[in-house]
K.L.:
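Have a look at this one.
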Amino acid sequence: MAQNDTDLLSQEGSAENILRFDNIEPVLETLDLSVAYGGNTAISNVSFQVPKNSVVSLIGPSGCGKSTLLRCFNRMNDLIPSASVNGVVNFAGQNIYAPEVDPTEIRFRIGMVFQRPNPFPKSIYENVAFGARINGMTDDLDELIETSLRRAAVWDEVKDRLNESGLSVSGGQQQRICIARALAVNPEIVLMDEPASALDPISTQAIEALIQELSNEVTIVIVTHNMQQATRISNYAAVMMAGEERIGRMIEYGTNEQVFGNPKDERTEAYVTGRIG
Amino acid sequence: MSEQGSIIPTGRQDFDRELGRLEAELILMSGLVEQAIFNALNALKNRDIERSQKVIDEDDHIDKTELEIERSCVELIRREAPMAGDLRRIISALHIAGELERIGDYAEGIAKISITIGDQPPLKELIDIPRMGDMAVNMLKRSLEAFISRDPDHVRTASVELEKDDDEVDDLYAKVQADLMELVKAAPDNAERATYLMWVAHNVERVADRAMNIVERALYQATGELVSGTTQIEMSTE
C-alpha cells in the first residue's frame, strides 16, 4: 500500500513525503519534482516511486499535469523551450537531470509511445530499425526486427509487408509498430501517453493485451483517461489533480483495488465516479 | 453559466437517480419481508391458516422484487461501469436483495409449518418465539437504515448494537430449544409439535443472522471493509 516514507531509494534530492510501496523494488522515483512552462507552474512537488516490472497508470482530469509528469521521465520536456524542471528523477542510481547525463541515452532506456501512432514515412523495417541504427548496430538487424515486432504482437500481421511504408497499415498496427520501435532498443521503461485513445476497440484490446504481456519484462507508465482501461491493465494508479490555482499535484497513489475500489481521497472518489471530470 | 439548477440531466445525474431508485426498491422489498415475518408469526400465534396461506402466496412477489433489483444492478454495472463508492453501493445492494429474499423464504417456511400444525392443540403459549421475531425484524430495519445512511460512524455503531441483539436472539433460541426439549422429555407425544416449533424458532434466528449479513454489507459500502462474522480480509497491496 502506498504510504509516506523517507526511506529513499537515492541519496540525491529529498522529499518529506514520498509515495511508495513497502518491499517493492522501484525502477524510477521522483523527488519534489516540479515543472513550469514560462513561469506558470504545471505540476508541483511530485514525489513517488514506480515499482519495477509493473504497469502504473497516471490518471486525472484534463490539465492536471499527467502528460507533463510522464514527459519528465525521459526528459521530453527538454524539447519544449519554455519548460523548466526542478527536482529529481532518479533512474539507474542517477538523477537523469544531472548535467552530465545524455538525454538521448535516457530516451533509449526509457522509451515513449504517443497518443497517435507516429511511424516515420519509411518502411516498417526501417521504422523498427531506427533506434538500433542510431546506436550504431548493423549486425543481426533482421533478427532484431522480427523479435521486436513479435514482442509488439504485430509480427504475424506485417511479416510479409516489411518493406511497405509504416503508414500503409491500420492505426492499431501502426501503434504496435511504434511500440516495436521503442522495444527494439531494449528499454527498461516504456512511457505511454494515451496509446489507445485513437484506436478502435479491437486494436485497443490488442494494445492492452500487449501492455500486460510486456510488463513481465519492462516497466510501463501509462497516461489514460479511460479508467476501465486503467483497471484492466495496470497494477498501480497514481491520481493527479489540479486545484483552483491550476497546479497539478499527485493526490493519491495505490493499488488498483484501493484507488478504484476504495479511494482514500475524496477528490479521487469524485473523479473515478465521474462527479468531477 | 453555472450548472447549478440545470434542467438538463447530465449522465451523472441520471446515474445518481438510478442509484436512488435502487435503494428505494430495496427499502420496499425490506418492508415486504418485514411484513411477511410479522404476518407469519402472528398467523402461527393466532392459528390463522388463511393468513399463513397469504404469506406463502405473497412470497412470489418478494422473489420477483429480488430479480428486478438484480436486473437493475446488472444493468447499472453494464451501462455505467461503476467505480469506488458507486460500485460498492451496487454490489452491496445486490447482496442485500439476496439476503432479503432468503428472509422472505423463512417467512414462507414459518407459514408452511403453521399450516402443517393446522388445528392441533397448542403445545405451549408462544412467548419467546414472537419476542425473537420482534427483535429480528427490528434488527432487519436497523441494518437497512445503516445501509441507507452510508455513514461509516452510523454503520459501525449499528454493527456493534446489532451484534449484541443477535447474541440475545441466539440466547432466546437456546432457551426455546431447551424448553421444547423439556416438554418432549416430559411427554414423548409432544415431539412432533415441539419439532415444528423448533423449525419456526430456527427460521427466526436465521432472520437475525441475515440482518447481521446486511449490516456487514452496509459496512462494506460505507468503508470498503470486507467482513463476515469475525473474518475480515485486507485490501490487496500488490
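The structure presented is a predicted model; accordingly, all values stated were derived computationally and were not measured.
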K.L.:
Mark yes when over 12 heavy atoms from residues, nucleotides or ligands other than E217(A) sit less than 6.0 Å from its CD; otherwise mark no.
P.N.:
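Yes - once you tally the heavy atoms of other residues, nucleotides and ligands closer than 6.0 Å, there are more than 12.
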K.L.:
For T231(A), is it the side chain, the backbone, both or neither that has a heavy atom under 4.5 Å from a heavy atom of chain B?
P.N.:
side chain
K.L.:
In Å and rounded to the nearest 0.5 Å, what is the OG1 to CG distance from T273(A) to L87(B)?
P.N.:
11.0 Å
K.L.:
For R12(B), is there any backbone N or O sitting under 3.5 Å from a side-chain donor or acceptor partner on R275(A)?
P.N.:
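Here the side-chain-to-backbone pair does not exist.
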K.L.:
Would one find more than 12 heavy atoms of other residues, nucleotides or ligands at under 6.0 Å from atom CD of E266(A)?
P.N.:
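Atom CD in E266(A) is not packed in, count stays at 12 or less.
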K.L.:
Within the supplied structure, the quantity of interest is the number of heavy atoms (other residues, nucleotides, ligands) at a distance under 6.0 Å from H61(B) NE2; does it exceed 12?
P.N.:
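Open: at most 12 neighbouring heavy atoms sit under 6.0 Å from NE2 of H61(B).
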K.L.:
Can you tell me how far apart CE (M83(B)) and CD (E269(A)) are? Round to the nearest 0.5 Å.
P.N.:
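CD of E269(A) is found 11.5 Å from CE of M83(B).
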K.L.:
Can you tell me if E163(B) has over 12 outside heavy atoms packed within less than 6.0 Å of its CD?
P.N.:
no
K.L.:
So with a 6.0 Å cut-off around CZ of R246(A), is the heavy-atom count from everything else above 12?
P.N.:
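Counting other residues, nucleotides and ligands, CZ of R246(A) stays at 12 neighbours or fewer.
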K.L.:
Rounded to the nearest 0.5 Å, how far does CD of Q221(B) lie from CG of N262(A)?
P.N.:
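Going from CG on N262(A) over to CD on Q221(B), the span is 11.5 Å.
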